[in-house]
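Below: the structure, in structure tokens.
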There are 2 protein chains.
Amino acid sequence: MNWADLQVLLAFQREGTLQKTAVKLGIDISTVSRRLRSLETDLGSTVIENVSGRLVLTSYGEQAARTAEAMEAESENLPRSVKDSEKLLSGVLRIALLDLVVFFHADLINAFTVRYPQIALELVSGTTRMHSLTRREADVAIRIAKQPDETLVGMRAVHSKYAVYAHTSIANQSYASLGELPWIGWDAAVNARVTDAWMERHIPTRQVRYRVNSPIAQFLMTEAGSGACILPIVYAERSDKLVKISDVLSGFDTDLWLLTHRDLRRNARVQAFFDHFYQGLAPFR
Amino acid sequence: MNWADLQVLLAFQREGTLQKTAVKLGIDISTVSRRLRSLETDLGSTVIENVSGRLVLTSYGEQAARTAEAMEAESENLPRSVKDSEKLLSGVLRIALLDLVVFFHADLINAFTVRYPQIALELVSGTTRMHSLTRREADVAIRIAKQPDETLVGMRAVHSKYAVYAHTSIANQSYASLGELPWIGWDAAVNARVTDAWMERHIPTRQVRYRVNSPIAQFLMTEAGSGACILPIVYAERSDKLVKISDVLSGFDTDLWLLTHRDLRRNARVQAFFDHFYQGLAPFR
DNA sequence: CATTCAGTTTGCATCTGTGCAAATGTAGCT
DNA sequence: AGCTACATTTGCACAGATGCAAACTGAATG
């Protein structure tokens, strides 16, 4: 499928005759004719037909020309100079993410600002997990979830399973079951159904010494030796203070998603961000 | 500007090397190289650069590749068969218009249904002038206005000036001024500021025998000889029962617009409708 | 430091696609 | 009916784009 032939088709639709099309494109009549024919063999359908000496688009040809028109509309966005393209990579980019992500990927974020000095990053972190992208509170969201919001588009950058971890000092104690250890769980305000269900079944409530409402707090408290906690393996394994003290837990798997609105999906800044992060997160995949 | 070269650029971005790109496209390495170079001279900027033996896209090249990607996304909509394209021209098309338009352009509407038998037209006419396109009460609106709603897109199909017309029997009476004739005016519910202001200045209220709320009613009543009325010239001149009894009135000019939502602007049915009507209305322009 | 590998560049013969010009076809006009 | 204007089709010679093969470059490896 040759896009150049679609250009010819579009020009022909506008000009109406081979002659005018040829003049417009600065090529010969015969070439126009033959390019349209080649398009037909590519597409497998008749695009023009000869009605008493004049060529007119078939209904099919008109449809094809329509999408060519849409393509042209996109092509207008071609940066026409280097300056033009640089402008696309400047401005503000608001990113909604968890502090946990900042904690583990500060280097990656930093590398981004070095690589694209004209882009001002605004990190909207905090404990509320759901920053509404649809309300434009951020351009991009980095979310940890099993399934992202359907109205958003993006990619799965990291996959992680979960297990119970604890500081070495705790792990080295002797204990008959995990229920004997001190634990760190979720605050009631956090809607963590899977975790809550598991904890209820395996851990006596009195053993849950801390209830926190953010993943980063869970992680830091666990590293500080406050108790055992269910943590994502990809991250926990990178800490030399933590030890895995259970098998992999099933049903906990989540993914790290890079997400944006449909409208922004072709935005240069957003794409630069996605490319940078998707590549940078490869070691975690 | 050759779109085919953009295709090559896009493929190169995805494959990463000339070699792989060449295989993917089924052409030779050297051709890939030269096509990219030709793109550079077309665009006037460097698209790839040689960093220690490997070719990588420049920042500018990445931007260009992005729009190529957007073009590709559009190209996916290319109907791949005649059946495919026919499907695009079937279904329902709701049109909001004035009865006046139906009255004068019934032939044109009819010709449309003959030409596109698979499109079921739904005409939403009536006296309320503003059918909300943004609420999807209709796909297309044919509106008579000076300026269309800014959120809508479309084209100006007919331009008309206005003058006072009356049935020949009335026009043939002897009268000193237009104020002596019986008149047809707008109902109070119709927001016709320009007309109301003119009438107030030139016509005694008691002479306004009829007040109607739709343009078609104005037209038909005038043709029936009920009184004088301000009518659009393009239409009034086509009636052999009506005579122009004033100069052209200034400040009354309006246009007939074909309008749709931005989202639907590339829809096949809508475009077919626009093309058909814009051409069919040429004699009125 | 030589060797290999993966990639890009360049020179040259070839072939495809292009432009030109003549032929052909259709509608409209006198 | 013949003429004109405008349009498409076709045959042929040629230029430019293509593929091939060889030369070239840099990085990694032992």
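Just so you know, these numbers come straight off a predicted model, no measurement behind them. All chains are named by letter (A, B, ...) in the order of the sequence lines, taking the proteins before the strands, and each is independently numbered beginning at 1.
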Quiz item: Any salt bridge between Arg34(A) and Glu40(A), counting N to O under 4.0 Å?
Solution: no

Quiz item: Which nucleotide sits closest to the side chain of Leu18(B): dA27(D), dT9(C), dT8(D)?
Solution: dT9(C)

Exercise. Would you mind telling me which of dT8(C), dC6(D), dC20(D) lies closest to the side-chain atoms of Thr17(B)?
Key: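 Nucleotide nearest to Thr17(B)'s side chain: dT8(C).
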
Mind calculating the distance between [atom1] ([X]) and [atom2] ([N]) to the nearest angstrom?
X	N	atom1	atom2	result
Asp42(B)	dA17(D)	CG	P	11 Å
Gln19(B)	dT9(C)	CD	C1'	12 Å
Asn2(A)	dG17(C)	CG	P	10 Å
Leu36(A)	dT8(D)	CG	P	10 Å
Ile27(B)	dT16(C)	CD1	C1'	14 Å
Leu39(A)	dG17(C)	CG	P	14 Å
Arg37(A)	dT16(C)	CZ	P	20 Å
Leu55(A)	dT10(D)	CG	P	11 Å

Taking only side-chain nitrogens and oxygens of [X], does any of them come within less than 4.0 Å of OP1 or OP2 of [N]?
X	N	result
Thr31(A)	dG19(C)	yes
Arg34(A)	dT10(D)	no
Asn50(A)	dG25(C)	no
Ser33(A)	dT9(D)	yes

Quiz prompt | Position toward the 5' end of DNA chain D (nearest nucleotide), Arg54(A) or Asp28(A) | solution =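 The residue closer to the strand's 5' end, by nearest nucleotide, is Arg54(A).
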
Quiz item: Does Lys161(A) NZ have over 12 foreign heavy atoms under 6.0 Å away?
Solution: no

Quiz item: Within 45° of the axis and under 6.0 Å from the centre of the six-membered ring of Tyr278(A), does NZ or CZ of Arg156(A) qualify?
Solution: no

Quiz item: Hey, does the Lys NZ or Arg CZ of Arg265(A) hover above the aromatic six-ring of Phe274(A), less than 6.0 Å from the centre and inside 45° of the axis?
Solution: no

Practice problem: Have a look at His105(B) and tell me which of Phe277(B), Tyr235(B), Phe112(B) forms a ring pair (Phe, Tyr, Trp, His ring centres under 6.0 Å) with it. | Solution: Tyr235(B)

Quiz item: Is a donor-acceptor contact shorter than 3.5 angstrom present between the side chain of Ser30(B) and the base of dG19(D)?
Solution: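 When only heavy-atom distances are counted, Ser30(B) does reach the base of dG19(D) through a donor-acceptor pair under 3.5 Å.
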
Quiz prompt | Given DNA chain C, 5'-ward residue of the pair Gly16(B) and Ile29(A), judged by closest heavy atom | solution =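 Mapping each residue to its closest nucleotide by heavy atoms, the 5'-most match is Gly16(B).
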
